[in-house]
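Every chain is numbered from 1 and lettered A, B, ... according to where its sequence line falls, protein lines coming before strand lines.
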2 protein chains.
Amino acid sequence: MTLQDIAKQFNTSISTVSRSLNAPYHVKNSLRYKIKEYALEMGFMPNLVATNLRKKQTNIIGVIVPFISNNFYESFLACLDEICQKENYYMMVLQSLNDINKEWLNITMFKRLNVSALFICLANNSHNYSKMSALFASQFPVIYFDKVPNTNQVFKIESSDRIATELALNQLFKKRPRYIVGIFGNDNTSIVRNRLVSFYDFIKTKSLQGKGIQVNCEEDCKRQLQQLFFFNKDTPNAIFCMSDELLIWTMKFIQRSQLKYPKEVDIISLSNGIIPNYFFPEIEYVLTSGNEMASLCYAFFKDIKNDLVNKNGEARSIKPKYFKKNLR
Amino acid sequence: MTLQDIAKQFNTSISTVSRSLNAPYHVKNSLRYKIKEYALEMGFMPNLVATNLRKKQTNIIGVIVPFISNNFYESFLACLDEICQKENYYMMVLQSLNDINKEWLNITMFKRLNVSALFICLANNSHNYSKMSALFASQFPVIYFDKVPNTNQVFKIESSDRIATELALNQLFKKRPRYIVGIFGNDNTSIVRNRLVSFYDFIKTKSLQGKGIQVNCEEDCKRQLQQLFFFNKDTPNAIFCMSDELLIWTMKFIQRSQLKYPKEVDIISLSNGIIPNYFFPEIEYVLTSGNEMASLCYAFFKDIKNDLVNKNGEARSIKPKYFKKNLR
DNA sequence: ATGAAAGCGCTAACAG
DNA sequence: CTGTTAGCGCTTTCAT
């Protein structure tokens, strides 16, 4: 069923039908009502592909993340999805699997689909952003979030790694820890680097005993923690985990070693709030939720869109706030 | 940059350019090479929207799931994504949030986008499938998976709830349990019903003592388990969880109550294999992975697609196999 | 208030 | 092997 079909039904033209459905004020009321009713009754659904081709706009917001199945991105996507629905956009998600070739493939896909905007969290070591910025540039906004390029020439929303890390460490600090272990991923992303540096800065400022370890798998994590907890003179009594995944590995170690927390060892994590509640007692954490970042991305997008129209588009960066949870 | 632009560059027609790029055998080699090279160099990307309008085909496989952030769907999506990439399809995911209105919105969206196929796991209590089947019907295949309509008139891939449940219970049975608790969701889905019935059938057949409880939240789960474990004459010594979420709640109870497993209570779960490894010792489980279902969906789709061409399309249903993991 | 017509970028049937 | 042409379904300008 197309506009054509409806037009025939009323012995009128395609334009009139189109106008009845979209720009009501230009069609005689009586006719308009009849057309709308008929369209509704027949379940007419305008072909998006045709509309998009004509309008050169899709109302699709393309999102690229390394993995869909990650607590942080999940919360980001859930929130963005909700916003999009309210605002009459469609969210389309593709994952890069941290593969920069796949990332590029996804980018071109979105370009060819004429998406209205691209929100992207870069794959590790991605250098695609230079090509990409050129590609979309003046046509559609590209907003980088979470893992962002190291340049000021783009729109980006970074995670405030330093603030979140300090918030968590301060929480541990209140309970006068003797020796803090920081557990970090061992990939070379800005996130890991920032959190690691903030960790050591904090340790230094507070004149604490502390050690940051970088682990690449559960086994590695276990090995390093065993070393620290059972083969050292000084036993740590506080742990900071920079992510959910690391928290899981750490908790496996804790349970295996039958260490009591928070009594023998105090634990805090950066998290989007799901995993820490899988354990009893619940783990303290600083909420680094994707929700806020999604809201910021969308707000940023609307802002830029207007700017693009006014030709004032200019690189800017925003940082979200963080909150502590499950505190004792 | 469009075909037009390239055509001008070589003083030739749009068709020749199009053919050079898509149907090489119809263009003189020398010209073809030059055109392809030029297109590559200039980073030409054919407009998908135009192609789709013309071909009435999008190469997008639309997927609707209740939630993206669910271990089972994650594995399904990850696997399907991989397949799609290999086969030159794009996977587009929308979530219904178990809201049948949002589900319907998503369905119409996919319809209007002319997707090549729709894979859908129904929202709880959805009755949209009757309208939907009519909508897509002969045009595109609709494949229902996991939560499927209770009719034989559609293409569907069900989970083999009975087989998976029996596999898990048999594993418990080997260790001669005195009293098995089965923990089930309390939504009225076919999955819950099937697993619950299988549970009781098994208990009966083996003449075991057993009780199935249905819980709707962590608190409820705790309350009911406390009752069974601490306020009853007979204490259960084996637990069967029908899903990951229930396993998490159960483990919270176990840890809180300081029950030892597998010594004091043996635990097994149906799972897609992530959550059971969050605990130490790891929990035994029967793998109900989304991966296999994704493969089956895609294979089914290709099959139906050919059938549709041959006008032999006929409702069929397939069931996947399951495997046990983490066994002791 | 309405219709005719152009055209978004592409493919494919047809003619040569 | 190549160009011309029609048209996918829709929006929008320009007449009337």
**Distance-only polar pair, side chains of B/Q95 and A/D81, donor-acceptor under 3.5 Å** = yes

**Asked** What distance do A/I157 atom CD1 and A/E292 atom CD have between them, rounded to the nearest 0.5 Å?
**Response** 9.0 Å

**Request:** Mind calculating the distance between CD1 (A/I6) and P (D/dG9) to the nearest angstrom?
**Result:** 13 Å

**Asked** Nearest to the side chain of A/T2 - D/dT2, C/dG9, D/dC10?
**Response** D/dC10

**Asked** Which listed nucleotide (D/dC10, C/dT2, D/dG3) is nearest to the side chain of B/S13?
**Response** D/dG3

**Prompt:** Which of these nucleotides, C/dA1, D/dG9, D/dG3, is closest to any side-chain atom of A/K28?
**Reply:** C/dA1

**Prompt:** Among D/dG9, D/dG3, C/dG9, which is the nearest nucleotide to the side chain of A/K56?
**Reply:** C/dG9

**Asked** Between A/K156 and A/T151, is there a donor-acceptor pair closer than 3.5 Å when you use the side chain of the first and the backbone of the second?
**Response** yes

**Request:** May I have the distance from B/N11 (atom CG) to D/dG3 (atom C1'), rounded to whole angstrom?
**Result:** 13 Å

**Message:** Of the options C/dC10, D/dC8, C/dT2, whose atoms approach the side-chain atoms of B/L53 most closely?
**Reply:** D/dC8

**Prompt:** So B/Y298 and B/F301, ring pair (Phe, Tyr, Trp, His ring centres under 6.0 Å) or not? Walk me through it.
**Reply:** CA-CA 5 Å; B/Y298 187 80; B/F301 157 61; 5.7 Å; yes

Could you write out each protein N or O paired with an N or O of nucleotides 12-16 of chain D at a distance under 3.5 Å?
unit_1, atom_1, unit_2, atom_2, d
D/dT12, O4', A/R54, NH2, 3.2

**Request:** Mind checking B/F44 for me? I need base, sugar-phosphate or nothing, with any heavy atom below 4.0 Å counting as a touch.
**Result:** sugar-phosphate

**Request:** Please determine, by modelled atom types, if B/S15 and B/S18 share a side-chain donor-acceptor pair under 3.5 angstrom.
**Result:** no

**Message:** Could you check whether A/N272 and A/S289, counting side-chain N and O atoms only, form a donor-acceptor pair closer than 3.5 Å?
**Reply:** no

**Fill in**
Walking DNA chain D from its 5' end, the first of B/A50 and B/L31 to be reached, judged by nearest nucleotide, is B/L31

**Asked** To the nearest angstrom, how far is B/F10 atom CZ from D/dC1 atom C1'?
**Response** 17 Å

**Fill in**
B/M1 atom CE is separated from C/dG9 atom P, nearest whole Å, by 12 Å

**Asked** Quick one: A/K8 NZ to D/dG9 C1', roughly how many Å, whole number?
**Response** 13 Å

**Request:** Starting at atom CG of B/L48, determine the distance to atom C1' of C/dC10, rounded to an integer number of angstrom.
**Result:** 11 Å

**Length of the line joining A/L3:CG and C/dT2:P, which is rounded to integer Å** = 16 Å

**Prompt:** Does OP1 or OP2 of D/dG3 have a side-chain N or O of B/T12 closer than 4.0 Å?
**Reply:** yes

**Asked** For the pair made of CD in A/Q4 and P in D/dC8, what is the distance, rounded to whole Å?
**Response** 9 Å

**Asked** Could you state the interatomic distance from CE (A/M109) to OH (B/Y90), rounded to the nearest 0.5 Å?
**Response** 5.5 Å

